[in-house]
Number of protein chains: 2
Amino acid sequence: MWRDRTSRSDGRGGSGSWSSPRGRRGSLPVGCTTCVDGGSPRLGRARIGAGDGRTAYGRAAVVDGGARPGALYRKVAADLGREITEGAYGSGGRLPAEGELAERYGVSRGTVRQALSVLRADGLITSRRGTRRVVLRTSQVQSFGELLSFTRWARSIGEEPGSRIVRVENEERATAAEREQLRLAEDARVCRMVRVRSLSGRPVMVERTVYPEAVGALVAGLDEGAVSHTVRLEEQGVLFADAQHTVDLVRADEEDAELLGCRPGDPLLRERRRSTDPAGAPIEWSEDRYLPGTVAFTVHSSAAAGTLARRPGMPPSG
Amino acid sequence: MWRDRTSRSDGRGGSGSWSSPRGRRGSLPVGCTTCVDGGSPRLGRARIGAGDGRTAYGRAAVVDGGARPGALYRKVAADLGREITEGAYGSGGRLPAEGELAERYGVSRGTVRQALSVLRADGLITSRRGTRRVVLRTSQVQSFGELLSFTRWARSIGEEPGSRIVRVENEERATAAEREQLRLAEDARVCRMVRVRSLSGRPVMVERTVYPEAVGALVAGLDEGAVSHTVRLEEQGVLFADAQHTVDLVRADEEDAELLGCRPGDPLLRERRRSTDPAGAPIEWSEDRYLPGTVAFTVHSSAAAGTLARRPGMPPSG
DNA sequence: CAGTGGTCTAGACCACGTT
DNA sequence: ACGTGGTCTAGACCACTGC
């Protein structure tokens with residue numbers, strides 16, 4: 001392992017390389033030794049990188065609520081997650097036992113369990129008493145940032161994101177609905193913004209976002225050409241930690257039709273979203289309307305976590 | 001607390017009632033004493049019921065992967081979850097500190113943290129270093145069972161579920177797509193079923209489900225009038241543990257239109273789903289098409305868990 | 001600086017699945 | 001009977017928030 005532990009310098013080492021596949025040594029945490037490979041010879045690939053930005057475990061800008069980025073269990077999770085998505089265990093294959101992993105990584109069983117619970121939450125593996133864990137899927141996990149930021153998402157799928165600001169309303173009095181969504185006081189003001197988002201020049205979505213005044217001030221200060229407001233906001237200390245989404249179907253209104261180049265009444269896939277910062281304070285309320293065929297939303301759900309729900313729909317108004 | 005612990009019979013007891021709000025004492029786990037209330041006088045409501053079926057924490061038929069139903073942390077989570085959804089801390093309010101909760105419930109800090117992580121996964125609370133946890137929302141969590149079973153969902157929102165079997169194909173050779181989704185061998189056979197689901201007599205959804213042969217045999221054995229196949233399957237030992245969902249928009253084909261009473265080409269909200277059992281084996285692959293305005297899907301996502309993702313869509317084929 | 005949650009360890013016992 | 005994961009405890013230390 002990369003930490004000095006009693007009887008681990010047994011010279012079993014494989015390549016001894018703990019660098020990421022791209023050769024970046026990354027920021028190994030303080031206190032790391034030169035990493036005598038403690039990896040199991042069975043798989044011989046127990047390297048823990050600093051995260052190469054492709055997996056969602058080594059997140060940067062978007063913060064997990066107070067989680068320590070360099071935590072041991074995150075490195076273990078990142079390493080195992082990479083192995084899984086690379087197909088090292090196959091789809092439906094079995095993971096090594098907790099104890100085995102603890103030995104391989106030179107950490108306690110508790111830490112291994114914490115790592116595995118991350119992978120479980122991401123829907124990569126199952127977990128039940130009596131048997132080893134099983135690989136559920138080998139697909140990459142999409143990061144929270146790619147979910148919230150249209151720009152980051154577009155780039156991640158190899159498309160060029162575009163943004164055209166249609167309308168900005170600054171310091172407007174918040175409506176009752178906005179006050180409730182953003183948890184604002186009676187006399188609060190908000191910033192509203194309407195944008196058309198495009199993929200490689202083709203308009204695909206209309207985005208109508210409402211920000212609380214403080215956040216709106218930052219948004220208003222962005223350059224006209226700033227593509228990703230989310231990224232800019234994060235750079236200025238507005239951190240996105242949680243979001244609640246609702247997906248349904250609506251008909252295009254006059255404005256939608258004009259902006260997206262479709263006809264009024266045409267169906268659109270709608271995603272409404274309320275994002276909150278690590279303190280739980282709402283920082284954004286947004287309604288996105290996508291042309292059909294441009295996106296799909298995928299969710300993993302399990303008996304352990306009730307993140308997805310089906311709700312009664314409103315009768316279509318358009 | 002309800003367990004005998006050294007210095008806990010301090011007679012601080014409030015009402016001493018550990019029964020649920022409806023007065024059912026419920027099935028307290030073996031080894032429970034008469035529950036000398038160890039609750040904090042601050043809130044004076046530290047009762048842990050057996051779950052009244054409304055919250056998702058005391059789940060019955062649908063299993064969490066090997067989790068013990070009577071676990072301490074689940075009771076604590078159920079109790080805190082109930083308090084939160086009842087508004088005891090308000091929206092945006094702060095929870096008691098971990099240590100305080102540990103004392104109130106007479107458990108270790110680790111157990112409290114396990115309970116809180118359940119609430120966090122459900123999107124009810126935030127969590128960050130340095131400050132107390134904050135209530136994110138006070139809405140009820142929908143159980144996994146209500147998500148997977150149309151019947152259970154309909155009843156939970158006060159509607160009468162209906163089901164009409166349109167077509168059953170038994171022991172059919174699986175297509176390549178079906179083999180991949182259900183992880184079947186080359187020569188495997190499947191059972192296909194098409195149903196129209198209704199709410200209070202009004203058709204709202206077409207459901208096309210494919211089962212592996214073994215599961216299909218059980219489904220075929222159900223009475224014609226069995227409304228919830230999911231529930232029946234669970235009764236026969238087919239347990240649903242995980243599911244992967246994809247939500248997008250499609251156009252009604254000829255059959256859809258006829259079954260739902262709309263016109264071909266009309267937009268429908270589509271949910272595709274692959275469900276797996278606790279061992280990770282696929283047990284169902286389903287495609288549901290809803291009339292607009294009848295449902296919406298909600299998801300909580302956070303920087304900690306990547307359950308929701310946005311994917312590129314296929315160009316509309318209809 | 002005090003309070004609070006995040007991380008990690010070590011060990012114990014139990015319940016489940018499989019052989 | 002054995003291996004495996006689920007649960008619980010007790011304690012230690014650290015990092016962040018907010019006064």
Side-chain angles (χ1 to χ4, degrees), chain A residues 1-6 29-31 63-77 94-103 105-120 125-134 237 239 241 277-281 303-304, chain B residues 1 3-6 8 29-31 63-77 94-103 105-120 125-134 237 239 241 277-281 303-304:
Chain A
M1 243 302 111
W2 70 94
R3 296 198 322 152
D4 269 338
R5 280 170 73 88
T6 42
V30 194
V63 287
D64 184 354
R68 181 146 55 111
L72 265 179
Y73 77 90
R74 284 184 174 275
K75 298 183 189 305
V76 174
R94 286 159 67 216
L95 251 54
E98 292 178 355
E100 200 176 320
L101 291 171
E103 199 183 346
Y105 291 110
V107 300
S108 76
R109 193 184 157 216
T111 299
V112 166
R113 285 180 60 78
Q114 221 175 337
L116 291 169
S117 87
V118 172
L119 302 179
R120 171 134 195 239
I125 59 174
T126 35
S127 215
R128 56 202 271 254
R129 252 183 305 201
T131 59
R132 291 196 175 178
R133 289 176 172 82
V134 167
L239 302 174
D277 70 9
Chain B
M1 247 295 104
R3 297 198 322 155
D4 268 340
R5 281 172 71 89
T6 41
R8 302 239 94 258
V30 193
V63 285
D64 182 356
R68 181 148 54 113
L72 264 179
Y73 77 90
R74 283 184 176 277
K75 299 182 188 306
V76 174
R94 288 159 68 216
L95 251 54
E98 292 178 356
E100 199 176 322
L101 291 171
E103 200 184 346
Y105 291 111
V107 299
S108 76
R109 192 183 156 215
T111 300
V112 166
R113 284 180 61 78
Q114 222 174 338
L116 291 169
S117 86
V118 172
L119 302 180
R120 170 131 196 240
I125 59 174
T126 36
S127 216
R128 58 201 269 254
R129 252 184 304 203
T131 58
R132 292 196 174 180
R133 288 177 171 81
V134 167
L239 302 175
D277 70 9

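By convention in this document, chain letters (A, B, ...) are assigned in the order of the sequence lines, proteins followed by strands, and residues within each chain are numbered from 1. Atoms considered below: every heavy atom in the structure, side chains included; atoms not considered: hydrogens, waters and symmetry mates.
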*asked:* Side chain of B:Arg68 only, heavy atoms from C-beta on: which candidate in C:dC8, C:dA15, D:dG5 is closest?
replied: C:dA15
_Minimum-distance nucleotide (side-chain atoms of B:Arg132 versus D:dC8, C:dT7, C:dG5)_ = C:dG5
*Should B:Ser108 be listed as having a side-chain N or O under 4.0 Å from OP1 or OP2 of D:dT9?*
yes
*asked:* Can you measure B:Leu116 atom CG to C:dG5 atom P for me and round it to whole angstrom units?
replied: 8 Å
*asked:* I need the minimum non-hydrogen distance between A:Arg128 and B:Pro278, along with the two atoms involved.
replied: CD-O, 3.0 Å
*Check the distance between C:dT7's P and A:Lys75's NZ and give it to me in whole angstrom.*
12 Å
_Starting the side chain at C-beta, find the nucleotide from D:dT7, C:dG17, D:dG5 nearest to A:Glu98._
D:dG5
*Starting at the 5' end of DNA chain C and moving along, which residue's nearest nucleotide shows up first, B:Arg109 or A:Val112?*
B:Arg109
*Would a 4.5 Å heavy-atom cut-off, applied to side chains only, mark B:Arg68 and A:Arg129 as touching?*
yes
*Atom pair distance, as rounded to whole Å: CZ in A:Arg74 and P in D:dC14*: 20 Å
_Quick check for you: among C:dA15, C:dG6, D:dT7, whose closest atom lies nearest to any side-chain atom of B:Gln114?_
D:dT7
*To the nearest Å, give me how far apart CG (A:Leu72) and C1' (D:dC14) are.*
13 Å
*Identify which nucleotide among D:dT7, C:dG5, C:dT7 has an atom closest to any side-chain atom of B:Tyr73, counting heavy atoms from C-beta outward.*
D:dT7
*Nearest nucleotide by nearest heavy atom, which residue falls closer to the 5' end of DNA chain D, B:Ala71 or A:Ala279?*
B:Ala71
*Would you mind telling me which of D:dC8, D:dT4, D:dG6 lies closest to the side-chain atoms of A:Ser127?*
D:dG6
*Within this structure, what is the CZ-to-P distance between A:Arg128 and C:dA15, rounded to whole angstrom?*
18 Å
_Which nucleotide in D:dG5, C:dT7, D:dT17 has an atom nearest any side-chain atom of B:Arg113_ = C:dT7
*B:Arg94 CZ - C:dT4 P separation (whole Å)*: 8 Å
*Between C:dT7, C:dT9, D:dG6, which nucleotide gets closest to the side-chain atoms of A:Arg133?*
D:dG6
*For B:Tyr105 and D:dT7, give me the distance from atom OH to atom P, rounded to whole Å.*
18 Å
*Where do A:Ala115 and A:Tyr73 come nearest, in terms of heavy atoms and distance?*
CB-O, 3.3 Å
*Going by heavy atoms in the side chains, are B:Ile125 and B:Arg120 under 4.5 Å from each other?*
yes
*Looking at side-chain heavy atoms only, is the closest gap between A:Val76 and A:Leu101 below 4.5 Å?*
no
*asked:* What is the separation between atom CD on B:Glu100 and atom C1' on C:dT4, rounded to the nearest whole Å?
replied: 12 Å
*Which nucleotide in the set D:dT9, C:dG6, D:dT7 lies at the smallest distance from any side-chain heavy atom of B:Thr111?*
D:dT9
